[in-house]
Amino acid sequence: GAVVSQHPSWVICKSGTSVKIECRSLDFQATTMFWYRQFPKQSLMLMATSNEGSKATYEQGVEKDKFLINHASLTLSTLTVTSAHPEDSSFYICSARRQDTGAFFGQGTRLTVV
Amino acid sequence: AQTVTQSQPEMSVQEAETVTLSCTYDTSESNYYLFWYKQPPSRQMILVIRQEAYKQQNATENRFSVNFQKAAKSFSLKISDSQLGDTAMYFCAFIYSGAGSYQLTFGKGTKLSVIP
């Protein structure tokens with residue numbers, strides 16, 4: 001199957017700082033990538049859809065100024081959590097859409113804000 | 001809008017036995033993909049099996065097979081010869097297969113426990 005790499009897999013940061021998470025499709029071009037947040041024992045909650053070369057589309061209730069998404073190339077999308085606070089602590093996971101076969105997921109990033 | 005429903009929040013199965021996880025969906029589209037993803041405690045989302053809606057033949061991957069009933073909008077996952085490593089959350093998912101940035105729609109998941 002297709003490979004999607006997400007980095008870092010685990011990060012701790014101080015409250016008020018920013019954290020950048022990268023999502024790379026290693027062996028295919030992904031015009032569309034998705035960013036999810038997952039709370040414990042729950043399903044994935046879509047935060048935003050990232051299209052290469054254009055602005056991301058955010059889901060209702062997701063602060064676009066807090067969760068900055070950049071999709072600068074066909075293989076890389078980044079999510080930056082700005083001015084992070086403890087309530088932003090969560091598991092963030094990206095997926096990249098491969099047109100002919102569906103969506104593949106990164107390993108996820110566990111963010112802890114202290 | 002598409003919806004995916006998994007009616008079994010939790011299930012358990014004895015090791016080496018067979019278990020079936022249910023999934024129903026609702027869509028007005030005719031061309032789409034359906035997936036089963038496995039999320040073990042590591043939280044990595046692992047693709048278990050994929051089904052194209054235009055294919056009548058049910059997909060199989062080793063011990064995993066699906067029963068795809070397009071008219072009934074049902075997509076169940078059968079796990080044969082269950083192993084301890086199958087213990088995980090299982091998510092059923094849907095995505096439109098046309099061009100465009102259509103999102104993956106997930107069910108709420110079924111927590112499967114394989115009992116030794």
Side-chain angles (χ1 to χ4, degrees), chain A residues 1-7 9-10 23 28-60 62 69 71 74 77 90-111, chain B residues 1-10 21 23 25 31-55 59 61-62 64 66 75 88-113:
Chain A
V3 179
V4 176
S5 176
Q6 185 173 341
H7 178 80
S9 57
W10 184 60
C23 181
F28 67 99
Q29 293 183 333
T31 55
T32 304
M33 290 186 175
F34 304 96
W35 287 96
Y36 298 87
R37 182 172 180 175
Q38 187 179 32
F39 294 100
K41 299 183 180 181
Q42 293 188 23
S43 188
L44 282 69
M45 181 189 77
L46 180 66
M47 299 175 65
T49 301
S50 166
N51 292 302
E52 187 266 338
S54 62
K55 290 183 179 180
T57 303
Y58 289 82
E59 295 300 301
Q60 191 173 9
V62 178
I69 292 172
H71 195 155
L74 287 172
S77 177
S90 193
F91 187 72
Y92 294 87
I93 189 165
C94 72
S95 75
R97 173 145 190 207
R98 185 172 179 173
Q99 194 64 40
D100 55 341
T101 54
F104 297 88
F105 287 84
Q107 303 95 318
T109 298
R110 190 181 305 275
L111 170 64
Chain B
Q2 286 76 229
T3 59
V4 177
T5 302
Q6 292 178 250
S7 59
Q8 304 149 316
E10 293 191 40
L21 280 58
C23 174
Y25 60 96
N31 297 315
Y32 48 87
Y33 295 109
L34 293 162
F35 306 89
W36 279 98
Y37 286 95
K38 169 185 176 181
Q39 189 179 40
S42 67
R43 304 187 81 172
Q44 166 84 60
M45 292 288 281
I46 301 166
L47 177 64
V48 174
I49 200 164
R50 179 175 71 104
Q51 175 82 43
E52 292 97 328
Y54 68 87
K55 289 187 177 179
E61 285 288 342
N62 301 313
F64 299 89
V66 298
F75 183 61
M89 282 291 289
Y90 286 82
F91 293 98
C92 179
F94 169 105
I95 194 167
Y96 175 60
S97 61
S101 58
Y102 296 93
Q103 68 187 60
L104 198 61
T105 302
F106 288 96
K108 292 192 174 182
T110 297
K111 182 179 179 181
L112 177 67
S113 299

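Lettering of chains follows the sequences in order, A, B, ..., and the numbering in each one begins at 1. The model shown is predicted, which means the values in this text are computed figures rather than measured ones.
Contacts between A:E59 and chain B at a heavy-atom distance below 4.5 Å involve the side chain alone, from C-beta outward. For B:L104, the parts lying near chain A are the backbone and the side chain together; criterion is any non-hydrogen pair under 4.5 Å. Contact of B:M45 with chain A is made through backbone and side chain together, with heavy-atom distances under 4.5 Å.
Remark: B:E52 engages B:R50, B:K55 in a salt bridge (charged side-chain N to carboxylate O under 4.0 Å, His left out) (not counting sequence neighbours).
Between the side chain of A:S43 and the main chain of B:G109, no donor-acceptor pair closer than 3.5 Å is present.
Taking the six-membered ring where the residue is Trp, B:F106 and A:F105 present tilted rings, their angle falling between 30° and 60°.
Once rounded to the nearest 0.5 Å, the distance linking CD of A:Q42 with NZ of B:K108 reads 8.5 Å.
Taking B:Q44, B:Q6, B:R43 one by one and counting their heavy-atom pairs under 4.5 Å with chain A, the maximum is reached by B:R43.
Considering every non-hydrogen atom in both A:F91 and B:Q39, the closest pair reads CE2-NE2, 4.2 Å.
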